[in-house]
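Quick caveat: nothing in here was measured; it's all calculated off a predicted structure. Every chain is numbered from 1, with letters handed out A, B, ... down the list of sequences.
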Protein chains: 2
Amino acid sequence: MEVMTDLPHPTRDEIRIEVVLHALADPVRLQLVRALAELPDGAEGIACGAVELPISKSTRTHHIRTLREAGVVRVRPKGTVRFTTLRRDDLDALYPGMLDGILAAKH
Amino acid sequence: MEVMTDLPHPTRDEIRIEVVLHALADPVRLQLVRALAELPDGAEGIACGAVELPISKSTRTHHIRTLREAGVVRVRPKGTVRFTTLRRDDLDALYPGMLDGILAAKH
DNA sequence: GTTGAATTTCGATAACCATCGTAGTTCGAT
DNA sequence: ATCGAACTACGATGGTTATCGAAATTCAAC
């Protein structure tokens, strides 16, 4: 039985490190990832618009798509809202320690 | 007594995570970092030209400068050669686990 | 001091990308 | 079925950057 995935996401083995690093290298996207990382495990995710960022809505969309296509986040539409979660399990499996190391940076 | 540093390098507390990630997000630069990571600890470093890369010499110079200015590598001129080493101690201190996680990626 | 090797600097080019505003879509609620 | 909210798609723009070749630098060795 398939998981109901509306938007295209790379599978775990399609995720490439250069693409992930590029996705994380942007200040706005990193801020978004930090916010996602603070969610409790198993949470529904966060609405894309719920994180306040110093950018316009269309730019926000662009960044979230970049993160999704890189395999950093998973986006699940529910009604008019898109819940976004960190793909922590996949990232930890592929690059153990990387995410925690990045999040350890004092910003 | 000061270490003889010819070229400008950021100090540990000047290193910023977005800049490091951007430096590592390029395929050529990541390949270079992989080569540097395989050197034994305490090695003199590697000559910039000793790693074979599918690019011209001037592009190689550009990439090494990007890594140096990001704080990823340290470059020490010795005669006509510039020895380059990974700043593993600084990166591990700032972002513990990040570098090893990235290098764990099967490429 | 001239040659040669390692590497940089310069100037140019093409591609990429973050950003925006506007217009459009989708869905829940009234 | 209309409205508003959440979000996307499109087209444009300006800035960054990866790339190159050619000329310049630096140093060791002959």
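Nearest nucleotide to the A:T61 side chain, out of D:dT8, D:dA18, C:dA18: D:dT8. The side chain of B:I55 sits closest to D:dT19 out of C:dA18, D:dT19, C:dC20. For A:V81, whose side chain is taken as the heavy atoms from C-beta onward, the closest listed nucleotide among C:dA6, D:dG21, D:dA6 is D:dA6. When the nucleotides C:dA18, D:dA5, D:dA18 are ranked by their closest atom to the side chain of A:R29, C:dA18 comes out on top. Among C:dA18, D:dT19, D:dC7, the nucleotide with an atom closest to any side-chain atom of A:K57 is D:dC7. Residue B:H22 has its side chain nearest to D:dA18 when only C:dC20, D:dA18, C:dA6 are considered.
Taking atom NE2 of A:H62 as the reference point, atom P of C:dT22 lies 20 Å away to the nearest angstrom. At whole-Å resolution of the value, CD1 in B:I46 and P in C:dA6 are 14 Å apart. Between the C1' atom of C:dA6 and the CG atom of B:L53 lies a distance of 15 Å, rounded to the nearest Å. Remark: P of D:dC27 and CZ of B:R76 are 15 Å apart, rounded to the nearest angstrom. Summarising the geometry, the separation between CD on A:E18 and P on C:dC16 is reported as 16 Å, rounded to the nearest angstrom.
The backbone N or O of A:V51 lies less than 3.5 Å from a partner atom in the side chain of A:R60, making a donor-acceptor pair. Using a distance-only test at 3.5 Å, with no hydrogens or angles considered, a donor-acceptor pair links the side chain of A:R68 to the main chain of A:P8.
Distances shown here put every side-chain N or O of A:R60 at or beyond 4.0 Å from the OP1 or OP2 atom of C:dT19. A sub-4.0 Å separation between OP1 or OP2 of C:dC27 and a side-chain N or O of A:T80 is absent. Dashed line: the shortest gap from a side-chain N or O of A:R82 to OP1 or OP2 of D:dT8 is under 4.0 Å.
Put simply, the side chain of B:S58 and the base of D:dG21 share a donor and an acceptor less than 3.5 Å apart.
A:T61 and A:S58 form no side-chain donor-acceptor contact under 3.5 Å, judged by distance and modelled atom types alone.
Going from atom CG of B:L91 over to atom CG of B:L86 covers 7.0 Å, rounded to the nearest 0.5 Å. Remark: A:Q31 CD to A:D26 CG distance equals 10.0 Å, nearest 0.5 Å.
Between A:D26 and A:K78, the one whose closest nucleotide on DNA chain C sits nearer the 5' end is A:D26.
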